[in-house]
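All remarks here apply to the structure that follows.
Computed from heavy atoms alone, side chains included, the values below leave out hydrogens, waters and symmetry copies.
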Amino acid sequence: MKNSFLSLVGAGPGDPGLITLKAVKTLQIADVILYDALVNEQLLSYAGPDCLVVFVGKRAGCPCAAQREINELIVQYARSHGHVVRLKGGDPFVFGRAQEELAAARAAGIGYEVIPGVSSALAVPALMGIPPTCRGISESFWVITGTTRSGEISEDIYLAAKSSATIILLMAMKKLDLIMDLFLAAGKQMTPVAIIQNGSTESEKMITGTVLNICSLAKFEKMSNPAIIIIGHVVDLHKYNKIKNVIKTHQQMDK
């Protein structure tokens, strides 16, 4: 058995420039890279010439068997090749099922490390000028998955609907109607809502509305996953923060 090791690496929200320097250095020395569907494939250019690159295509809603297969691949390649990088979109510990992969490595006697990534939950709204907190507007924020392992809406969303905090929802587009019903029942009809699809990428798309009308707007604009939903009065700050225009200018300069 070779010197087996696992690096769980966060790839960031999609823009290849939003990966950490430590993550890049780790990709450069990997023997195997197992990467997700949400990873920007430009990042694979950092792999060495002899590195084996394997697409594992993990997305929200895949059956548990798919995750078990990924766990098995981690162990298999670590034993046969050595250093495995598990490259995951965003941050590995934010709804990335990283704990299950660490447990598989630990059970197999394989050493591991975690290299955090820029989470889409914060980065994508920020790029559109939407802060999760703002003095006088929002004192806290929740980051919640739209759907639990059982396929139901998270109980936390029921509590969040009664809160004054900013609510950031991941993997929630299929439950959008039901979630907005909870906020309507809590008297939040006019609370601003933003949906950002493919955030930080060239195909990025954003719509804004209110709890009352966001579902119809989303259907009209054909919004779908991967997307982030932000609920709260901080969404209105998008109108005043022209951050996106500056980002686009920098990207054009880089090209």
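Here Phe220 contributes atom CZ and Lys222 contributes atom NZ; the two are 9.5 Å apart, rounded to the nearest 0.5 Å. Taken from CD in Gln42 to CD1 in Ile19, the straight-line distance is 11.5 Å, to the nearest 0.5 Å. Rounding to the nearest 0.5 Å places CD1 of Ile153 at 9.5 Å from CD of Glu155. Rounding to the nearest 0.5 Å places NE2 of His233 at 12.5 Å from SG of Cys134. From Asp177, atom CG reaches atom SG of Cys215 across 4.0 Å, with rounding to the nearest 0.5 Å. Remark: Leu169 CG to Ile179 CD1 distance equals 5.0 Å, nearest 0.5 Å.
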> How far apart are the C-alpha atoms of Asp181 and Lys175, what are their side-chain angles, what is the distance that settles it, and do they pass the salt bridge (Lys or Arg N to Asp or Glu O under 4.0 Å) test?
Replying inline: CA-CA 10 Å; Asp181 284 344; Lys175 302 286 187 180; over 6 Å; no
> Going through the distances and angles, do Tyr35 and Val56 end up as a side chain to side chain contact (heavy atoms under 4.5 Å, CB included)?
Replying inline: CA-CA 6 Å; Tyr35 73 100; Val56 291; 5.9 Å; no
> Given the rule in the side chain to side chain contact (heavy atoms under 4.5 Å, CB included) test, do Leu176 and Met180 qualify, once you have shown the distances and angles that lead to the verdict?
Replying inline: CA-CA 6 Å; Leu176 183 63; Met180 290 304 112; 4.0 Å; yes
>> Does Ile115 form a side chain to side chain contact (heavy atoms under 4.5 Å, CB included) with Glu113? I'd like the steps, not just the answer.
In response: CA-CA 7 Å; Ile115 299 177; Glu113 67 176 344; 3.8 Å; yes
> Does the pair Ser154 and Thr145 meet the rule for a side-chain hydrogen bond (donor to acceptor under 3.5 Å, both in side chains), with working shown?
Replying inline: CA-CA 7 Å; Ser154 170; Thr145 178; over 6 Å; no
>> Would Leu122 and Phe141 count as a side chain to side chain contact (heavy atoms under 4.5 Å, CB included) here? Give the steps.
In response: CA-CA 10 Å; Leu122 299 181; Phe141 63 94; 3.7 Å; yes
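Hydrophobic clustering of Ile, Leu, Val, Met, Phe, Trp and Tyr side chains at less than 4.5 Å, counting indirect connections, keeps Ile168 apart from Ile157. Hydrophobic clustering places Met223 together with Leu212 (ILVMFWY residues linked when any side-chain heavy atoms are closer than 4.5 Å, directly or through intermediates). Neither Leu159 nor Val143 shares a network with the other; the hydrophobic side chains, linked directly or stepwise wherever heavy atoms of I, L, V, M, F, W or Y lie under 4.5 Å apart, form separate groups for each. Transitive grouping of hydrophobic side chains (ILVMFWY, heavy atoms separated by less than 4.5 Å) keeps Ile207 and Val235 in distinct clusters. The hydrophobic clustering, which links ILVMFWY residues whose side-chain heavy atoms are closer than 4.5 Å, places Leu182 and Leu170 apart.
Side-chain contact check for Val85 versus Val32: every heavy-atom pair is 4.5 Å or farther apart. Residues Arg68 and Glu100 are not in side-chain contact: their nearest non-hydrogen atoms beyond the backbone lie 4.5 Å or more apart. A 4.5 Å side-chain heavy-atom check between Arg86 and Val9 finds every atom pair outside the cut-off. You'll find the side chain of Cys51 reaches within 4.5 Å of the side chain of Ile33, heavy atoms only. Between Met171 and Ile229, the closest side-chain pair of non-hydrogen atoms is not below 4.5 Å. A 4.5 Å side-chain heavy-atom check between Val234 and Pro132 finds every atom pair outside the cut-off. Inter-residue side-chain proximity for Ile195 and Leu217 is flagged as unmet; no heavy-atom pair is nearer than 4.5 Å. Side chains of Leu237 and Ile130 form no contact here, defined as non-hydrogen atoms less than 4.5 Å apart.
Of the possible polar contacts, none joining the Gln76 side chain to the Glu72 backbone as a donor-acceptor pair under 3.5 Å is found. Side chain of Asn241 to backbone of Gly129: a donor-acceptor contact under 3.5 angstrom is found. In this structure, Lys188 contributes its side chain and Ala161 its backbone to a donor-acceptor pair below 3.5 Å. For the pair Asp36 (side chain) and Leu38 (backbone), a donor-acceptor distance under 3.5 Å is absent. Between the side chain of His81 and the backbone N or O of Asp31 there is no donor-acceptor pair closer than 3.5 Å. Lys88 places a side-chain N or O within donor-acceptor distance of the main-chain N or O of Gly96, the cut-off being under 3.5 Å. Not one N or O on the side chain of Thr147 forms a donor-acceptor pair closer than 3.5 Å with the backbone of Glu152. When atom types are taken as modelled, the side chain of Asp91 and the backbone of Ser119 share no donor-acceptor pair closer than 3.5 angstrom.
Proximity of the aromatic rings of Tyr112 and Phe5 is defined here by a centroid distance below 6.0 angstrom, and this criterion is not met.
When the options Leu27, Leu34, Leu8 are evaluated for a side chain to side chain contact (heavy atoms under 4.5 Å, CB included) with Leu87, the one that passes is Leu27. Results of the side chain to side chain contact (heavy atoms under 4.5 Å, CB included) test with Ile230 over Thr208, Ile196, Val193, Ile167 single out Ile196 as the only residue that passes.
The two residues Pro125 and Ser120 have their closest heavy-atom pair at CD-O, 3.4 Å. The shortest heavy-atom contact between Ser224 and Gln197 is N-OE1, 2.8 Å. In terms of heavy-atom proximity, Asp156 sits nearest to Trp142 at O-CZ3, 3.5 Å. Nearest heavy atom pair, residue Val84 against residue Ala78, reads CG2-N, 3.4 Å. Here the closest heavy-atom approach between residue Gly14 and residue Thr201 is recorded as CA-CG2, 4.0 Å. Nearest heavy-atom pair, Gly146 versus Ala172, reported as atom, atom and distance to 0.1 Å: CA-CB, 3.6 Å.
No donor-acceptor contact under 3.5 angstrom links the side chains of Ser7 and Thr26, judged on distance only. With 3.5 Å as the limit, one finds a donor-acceptor pair spanning the side chains of Gln67 and Glu101.
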